[in-house]
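Just so it is clear, the model here is predicted, and its values are computed rather than measured. Letters A, B, ... mirror the listed sequences (proteins, then strands); counts begin at 1.
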There are 2 protein chains.
Amino acid sequence: MARRPTTFDPFNAIAEPRRRRILNFLRRGERSVGDVVRATHFGQPQVSKHLGVLRKVGLVAVRGSGRRRLYRLNARGLKPVHQWVSAFERFWNESFDRLDACLKELQQQEKKNEP
Amino acid sequence: MARRPTTFDPFNAIAEPRRRRILNFLRRGERSVGDVVRATHFGQPQVSKHLGVLRKVGLVAVRGSGRRRLYRLNARGLKPVHQWVSAFERFWNESFDRLDACLKELQQQEKKNEP
DNA sequence: TGAACATATACCGATATGGGAATATGTCAA
DNA sequence: TTGACATATTCCCATATCGGTATATGTTCA
């Protein structure tokens with residue numbers, strides 16, 4: 001097996017920076033492909049393809065409106081990512097605390113060595 | 001440019017399911033490569049390689065201890081991911097609310113149509 | 001119907017991946 | 001020093017990606 005396809009799950013889909021930018025933009029509401037193109041300055045085919053990936057993993061939904069297609073965010077698809085990452089929140093807080101403690105100790109030592 | 005290397009940033013690094021499992025396991029504390037191999041049943045070279053990726057993006061740190069190498073979680077590296085995803089939290093809550101509202105309305109309508 | 005517009009798809013090339021097996025490096029212990 | 005152990009690295013292959021360009025599909029309007 002090679003690297004998993006980008007459509008394998010939300011984790012793979014959001015690994016691409018441009019797709020994250022598109023998702024960010026779609027927080028403003030339903031937008032057409034052209035809107036995304038103008039906002040991001042990415043090529044139109046690229047935008048279509050990225051939106052296709054996002055749709056396949058359920059991070060956006062589409063709706064036809066005349067000759068345009070309106071994409072909207074489906075943020076719930078990010079829930080698994082949020083859940084997984086959140087399980088680590090307390091760890092980086094902890095390590096921050098530990099680092100902080102270490103730094104303070106070092107400062108104490110330096111004070112002792114100075115005078 | 002092709003797909004970004006897995007070592008490009010934490011987003012790419014955690015796209016691989018096995019790497020997420022390894023990170024999960026490392027929440028228990030500092031562990032040797034062999035520990036990870038036994039816990040995950042992944043091949044030893046694979047574990048070494050995955051740990052290498054995680055180290056390059058700063059999600060784990062290593063320390064030599066005799067003939068073993070002890071890896072420990074550096075959860076702070078996940079902060080960017082958490083921050084980015086958290087910006088969408090209110091959206092999935094919102095859409096959930098909206099969905100909820102719709103469902104309730106439907107139920108109301110059904111009640112009206114029944115009697 | 002035909003032209004203009006909006007979007008999707010096909011094709012190409014360079015690149016990196018991840019698993020597996022074999023092997024190299026490094027370290028301890030007798 | 002030699003052998004056993006722990007880990008890292010190399011090589012191979014099948015696979016998918018992403019950007020770019022060109023083109024196809026689909027829709028509206030005159």
Between the protein and nucleotides 21-28 of chain D, list the N/O to N/O atom pairs that are separated by less than 3.5 angstrom.
none

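For the pair Asn74(A) (side chain) and Ala61(A) (backbone), a donor-acceptor distance under 3.5 Å is absent.
Once you apply a 4.0 Å limit to the heavy atoms of chain B, the touched nucleotides of DNA chain C run 5' to 3' over dA14(C) to dA29(C).
For the segment residues 28-37 of chain A, residues with any heavy atom less than 4.0 angstrom from an atom of DNA chain C are, sorted by number, Ser32(A), Val33(A), Gly34(A).
In this view, Arg27(B) satisfies the salt bridge (charged side-chain N to carboxylate O under 4.0 Å, His left out) rule with no residue, not counting sequence neighbours. Taking the side-chain contact (heavy atoms from CB on, under 4.5 Å) definition, one finds that Pro80(A) meets it with nothing, sequence neighbours left out. Evaluation of the side-chain contact (heavy atoms from CB on, under 4.5 Å) rule for Arg4(A) yields Met1(A), Phe8(A), Asn12(A), Glu16(B), Pro17(B) as partners, not counting sequence neighbours. Qualifying side-chain contact (heavy atoms from CB on, under 4.5 Å) partners for Val37(A), counting only residues two or more places apart in sequence or in other chains: Val33(A), Gln44(A), Val47(A). Every residue meeting the side-chain contact (heavy atoms from CB on, under 4.5 Å) condition with Val57(B), not counting sequence neighbours, appears here in chain and number order: Thr7(B), Ala13(B), Leu59(B). With sequence neighbours excluded, the residues forming a salt bridge (charged side-chain N to carboxylate O under 4.0 Å, His left out) with Arg20(B) are Asp9(A), listed by chain and number.
In this structure, CZ in Arg3(B) is found 4.0 Å from CZ in Arg3(A), a value given to the nearest 0.5 Å. For the atom pair Asn93(B) CG and Arg76(A) CZ, the distance stands at 10.0 Å (nearest 0.5 Å).
Arg55(B) comes within 4.0 angstrom of no nucleic acid atom, judged by non-hydrogen atoms across all strands. Residue Ser48(B) is in base contact, counting any heavy-atom pair closer than 4.0 Å across all strands shown. Phe8(B) comes within 4.0 angstrom of no nucleic acid atom, judged by non-hydrogen atoms across all strands.
By the criterion of side-chain heavy atoms lying less than 4.5 angstrom apart, applied directly or through intervening Ile, Leu, Val, Met, Phe, Trp or Tyr residues, Val53(B) is not grouped with Val62(B); the two fall into different hydrophobic clusters. Residues Phe88(B) and Leu26(A) share a hydrophobic cluster, clusters being chains of Ile/Leu/Val/Met/Phe/Trp/Tyr side chains in contact below 4.5 Å.
If you find the closest nucleotide of DNA chain C to Tyr71(A) and to Arg3(A), the one lying nearer the 5' end belongs to Tyr71(A). Residues Val47(B) and His50(A) each lie close to DNA chain D; by heavy-atom proximity, the contact nearer the 5' end of the strand is made by Val47(B). Between Gly43(A) and Thr7(A), it is Thr7(A) whose nearest contact on DNA chain D lies nearer the 5' terminus. Toward the 5′ end of DNA chain C lies the nearest nucleotide of Arg38(A), the other residue of the pair Arg38(A) and Arg4(A) mapping further downstream.
For residues 28-82 of chain B, the pairs satisfying ring pair (Phe, Tyr, Trp, His ring centres under 6.0 Å) are His82(A)-His82(B), Trp92(A)-His82(B), with sequence neighbours left out. Among residues at least two apart or in separate chains, salt bridge (charged side-chain N to carboxylate O under 4.0 Å, His left out) pairs with a member in residues 30-53 of chain A are Glu30(A)-Arg63(A), Asp35(A)-Arg38(A).
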Dot-bracket for DNA chain D, please, read 5' to 3', with Watson-Crick or G-U wobble pairs under 3.5 Å on both distances, ( ) within the strand, [ ] crossing, | other strand, . unpaired. ||||||||||||||||||||||||||||||
